[in-house]
Structures are given as structure tokens and as C-alpha cells.
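Structure first, commentary second.
The structure presented is a predicted model; accordingly, all values stated were derived computationally and were not measured.
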Amino acid sequence: MLKPSRKAWFALVAVLDIACHAGGQPVQSQDINHRQGIPRRYLERSLQHLVRSGLLQGVRGPRGGYRLALERRRITVGAILRAVQEMEEEATHDTLPDSALGQAVVRPLWDDMQDALMKRLEAISIDDLCLHARREGLLPEAGHGIDFTI
């Protein structure tokens, strides 16, 4: 029932791809698109917003692309989802219907559920997901994409 938005899904997959494939070089968006199948229109917008949010760094030039702005262990799933939520809130100003019952009962319930979920997602780092991907055999050969940031 609770499903991430397309933007949230794509942003999380893109950051994970960058974390797992960066090595010493920035990861180019066309490589992410090729590996993950994320539509370019979502990908570029998401990557630029993640740069503005301080989670990624954009590198210009012919060998440019994106790299993590922080160590993998310092970027959480919750931080990525918060950044995407900000992006989605900028794009739309839709609000839910307002009623006394909704405001007094349903909204507090939903807020409590969201708070509990975000606490859980703040405990999961990109490094945790990279290690899981490695255990699943989804990463390139050992040594490629290791994070040496101190």
C-alpha cells in the first residue's frame, strides 16, 4: 500500500548506483541510465536536485558526472527521500481534503506512521545497501567502487 513515488525510487537507485560504481571517477548519467533503465528526464532532474541538497557533487567536463558528496556511510535512505520529498513539494501544492475527522484522527495516525518509517530509513545507509548488493552479487569485481573518502 505505501509505495515510494517514481522520483523517490529513481533517486535512491541512482545514488546507490553512483555509490557502487564511482571508484576514482565520477559516474556519468548515461551510464546510470544504461545500467538501471531510469528515464533521462527523471534522472537528470533528480541528480541536479540531489546536488543542490548536498548529497551529490556534480563534476563538469568531458569525463564529468556525479559522485557522492559525503561518505557512503553518512548518506541515509531517509536523507535521499527527504530531498526527493522537497523536490516533489516544489512541483506541486496539492493538499489533502480538509475535515475535522481527517485532521483530528487520520492525519495524526499518518504522521506517526511516517515518523516511524523515516526513523527506520535514517538507520539505513547507502553503505549498508552497497554491502547488501555485493552479497547479492550485483556489483562489479571487488575493489571497483570502493569509497576511500575520509
- Task: With sequence neighbours left out, write down each residue that passes side chain to side chain donor-acceptor pair (under 3.5 Å) with R67, or none if nothing qualifies.
- Result: none
- Query: Is L131 reachable from I80 through a run of I, L, V, M, F, W or Y residues, each pair having side-chain heavy atoms under 4.5 Å apart?
  - Reply: no
- Query: What's the shortest heavy-atom distance between A104 and P108, and which atoms?
  - Reply: O-CG, 3.4 Å
- Note on the structure: A69 and G54 have their tightest heavy-atom pair at CB-O, 3.2 Å
- What residues form a side chain to side chain donor-acceptor pair (under 3.5 Å) with S5, not counting sequence neighbours? E88
- Task: Over all heavy atoms of both residues, which pair between G58 and V51 is shortest? Give the atoms and the distance, please.
- Result: N-CG2, 3.8 Å
- Item | Note, L68 side chain near L56 side chain (heavy atom, < 4.5 Å) | yes
- Message: Restricting to side-chain contact (heavy atoms from CB on, under 4.5 Å), what partner residues turn up for R63, sequence neighbours left out?
- Response: Q25
- Message: Minimum heavy-atom separation for A22 and V27, please, with both atom names.
- Response: CA-CG2, 3.5 Å
- Item | Summary of salt bridge (charged side-chain N to carboxylate O under 4.0 Å, His left out) pairs that have at least one residue in residues 108-121, sequence neighbours excluded | none
- Taken to the nearest 0.5 Å, the spacing of R73 CZ from C130 SG works out to 13.5 Å
- Starting from the C-alpha separation in whole Å, work towards a yes-or-no answer on side chain to side chain contact (heavy atoms under 4.5 Å, CB included) for L55 and V15. CA-CA 9 Å; L55 298 172; V15 171; 5.8 Å; no
- Looking at residues at least two apart in the chain, or sitting in another chain, which of them share a side-chain contact (heavy atoms from CB on, under 4.5 Å) with V77? L12, L81, L121, I124, L129
- Could you list all the salt bridge (charged side-chain N to carboxylate O under 4.0 Å, His left out) pairs where at least one residue sits in residues 25-47, not counting sequence neighbours? D17-R35, R40-E44
- Item | Rounded distance [0.5 Å steps], CD in E86 versus CZ in R52 | 10.5 Å
- Can you tell me how far the NE2 atom of H132 sits from the CD1 atom of I126, to the nearest 0.5 Å? 13.0 Å
- Message: For a quick test of reading the model, state the closest non-hydrogen atom pair linking R72 to S125 and the distance between them.
- Response: O-CB, 3.8 Å
- Message: Going by side-chain contact (heavy atoms from CB on, under 4.5 Å), name the residues that satisfy it together with A133, two or more places apart in sequence or in a different chain.
- Response: L138, L139
- Quick one: list whatever passes side chain to side chain donor-acceptor pair (under 3.5 Å) with Q30, sequence neighbours left out. Q28
- Between A83 and H49, which heavy-atom pair has the shortest distance, and what is it? O-NE2, 2.9 Å
- Can you sort out the partners of Q48 under side chain to side chain donor-acceptor pair (under 3.5 Å), two or more places apart, ordered by chain and number? Y66
- Task: Please list, chain by chain and in numerical order, all residues satisfying side-chain contact (heavy atoms from CB on, under 4.5 Å) with L109, sequence neighbours excluded.
- Result: M113
- Separation between CG (L16) and CG (D127), nearest 0.5 Å, reads 10.5 Å
- Task: Using the ring-ring contact (aromatic ring centres under 6.0 Å, His included) rule, collect all pairs that involve residues 25-48, keeping only residues at least two apart or in two chains.
- Result: F10-Y42
